[in-house]
Protein chains: 2
Amino acid sequence: MPKKKNYHHGDLKNALIKAGVEILAKDGVSGLSLRKVALKAGVSHTAPYSHFADKQALIAAISTEGFRQLYKRVSAVIDEYQTKPSTQLVEVAWAYVQFAMDDPDRFKVMFSGVLEKEKEYPEFVAESQRSFQLVKMIVEANQTSGKLRGGSSDLAALSVWGIIHGFVLLLLEGQIPHAILEQKSLRELVEFQLEQIMVK
Amino acid sequence: MPKKKNYHHGDLKNALIKAGVEILAKDGVSGLSLRKVALKAGVSHTAPYSHFADKQALIAAISTEGFRQLYKRVSAVIDEYQTKPSTQLVEVAWAYVQFAMDDPDRFKVMFSGVLEKEKEYPEFVAESQRSFQLVKMIVEANQTSGKLRGGSSDLAALSVWGIIHGFVLLLLEGQIPHAILEQKSLRELVEFQLEQIMVK
DNA sequence: TCTCAATCTTGACACTGTAAAGATTATAGA
DNA sequence: TCTATAATCTTTACAGTGTCAAGATTGAGA
């Protein structure tokens, strides 16, 4: 009896996450099924249960991985624009928008309630808070330089995140009036959003 | 053979929408199935197909109905506070937040991509735009009174909506840091958000 | 080498959306 | 008023889904 070489996959957990991301990009949230993910990874339809408690757990892992990449990209932007804090803020916001548009369905999964939060996923919470800390840092720098109003940096960071996040979601849902999108580029719209809360 | 009095329901379409809203409130998005809706309405599991092309169409109808109610509530608030435009703005924002929290799952369905937008649902689009026009009106009043910066009222309305909408979604997703929620009431947080873009 | 825990497969179940065909009823036109 | 036709609803069927239970395979430590 020949040894089945691939009975143990070796790195199935990550392979499943990767397969999930790909299916998400191709078929959207409604097309993401555990069975398809397993098939794509080349294992039986219940193999994922050795690594994830249920479908929600896989989605949590995909979301967590998404936050990890978002953190990376935002960090890179911060490093790249170390001139003025206000420039950093705009560029980070722009990176956020691009991240969302690169893979809208993953973004929605990360933020828009596909993940049911009753069960706690500590890694997910930790990773998302890590990203928020990044925003907070930039906001504080802008408060110091006078480009953002003072007060609680937590609250100010929430405002900044909220205004961009709200814009992105309205964008992804096609709720932004046609007339607006014809007049201004996305980049200009993002800048306009930020100008609303920037001092002067 | 006795006439089955209830073979034709009479107003099944609306009954299905109502049943859907109730299931949504109780079991969440993931618990919303066509079969459950049909059962709750007292008809066979395929009866809905006489009124809706598919599940998405029912969800679109639920969303549309949601926008109709949102419009009503916001209108009422506008009528109630006809003093200062800035007061109207705060109260409308507060009504928006309350609407979301009254029925978080319906709110998510309305906005967060459960509805797949490839297929067009003209009623849905019309109703959501009608609500946006309401926001635009208030924003214009605030621009006139100097409480909001000038420029395109479409863009300004987008900012206002975005900042509140973003806040609500972060709230519903539990992404707002614990420390913040302990310090300030929801109402105060909403006011803080708006102060960020109000002049002075 | 033996044992055991981790990993993966097979098989089964209830539940889902939806298509097809037929039953029932309302209604419009004769 | 009668009848044909369209609207509405039911029955039946099927493929796809998440998940559980039992068993097969394998790697790693005793």
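Lettering follows sequence order; numbering is per chain, from 1.
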May I have the distance from [X] (atom [atom1]) to [N] (atom [atom2]), rounded to whole angstrom?
X	N	atom1	atom2	answer
B/L16	C/dG17	CG	P	13 Å
A/L39	D/dG16	CG	P	11 Å
A/H51	C/dA5	NE2	C1'	14 Å
A/Y49	D/dT17	OH	C1'	9 Å
A/D54	D/dT19	CG	P	5 Å
B/K36	C/dA14	NZ	P	17 Å
B/D11	D/dT8	CG	P	11 Å
B/L32	C/dC15	CG	P	17 Å

Check: Under 4.5 Å between side-chain heavy atoms, hopping through other hydrophobics if needed: is there a path connecting A/V29 to A/M101?
Finding: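 Yes, A/V29 connects to A/M101 through the hydrophobic network.
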Notebook entry, point to check: Does the side chain of A/M198 reach to within under 4.5 Å of the side chain of A/L89, using non-hydrogen atoms?
Noted result: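 Yes; the side chains approach each other to less than 4.5 Å.
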Check: Side-chain donor or acceptor of A/R35 under 3.5 Å from a matching atom on the base of D/dG18?
Finding: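 Checked by distance alone, the answer is yes.
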Next item on the list: Confirm from the modelled atom types if B/H45 and D/dT12 form a donor-acceptor pair under 3.5 Å, side chain to base only.
Entry: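 Yes, a donor-acceptor pair under 3.5 Å.
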Check whether any side-chain nitrogen or oxygen of [X] sits under 4.0 Å from OP1 or OP2 of [N], and answer yes or no.
X	N	value
A/S50	C/dA6	no
B/T46	D/dT10	no
A/S44	C/dT9	yes

Next item on the list: Consider the side chain of B/L34, meaning its heavy atoms from C-beta on, and name the nucleotide among C/dT9, C/dT16, C/dT18 that approaches it most closely.
Entry: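 Shortest atom-to-atom distance from the side chain points to C/dT18.
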Note to self: Nearest to the side chain of A/A47, heavy atoms from C-beta on, is which of D/dT17, C/dT18, C/dC8?
What the structure shows: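 Nearest to the side chain of A/A47 among the choices is C/dC8.
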Checklist line | From CA spacing to verdict: side chain to side chain donor-acceptor pair (under 3.5 Å), B/S153, B/E140 | finding: CA-CA 6 Å; B/S153 64; B/E140 283 169 355; 2.8 Å; yes
Margin query: How long is the straight-line distance from CZ of A/R149 back to CZ of B/F192, given to the nearest 0.5 Å?
Written below: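 It comes to 9.0 Å.
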Checklist line | A/K55 (side chain) donor-acceptor with A/L32 (main chain) under 3.5 angstrom | finding: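 Yes, the answer is positive, given that a donor and an acceptor are paired below the 3.5 Å cut-off.
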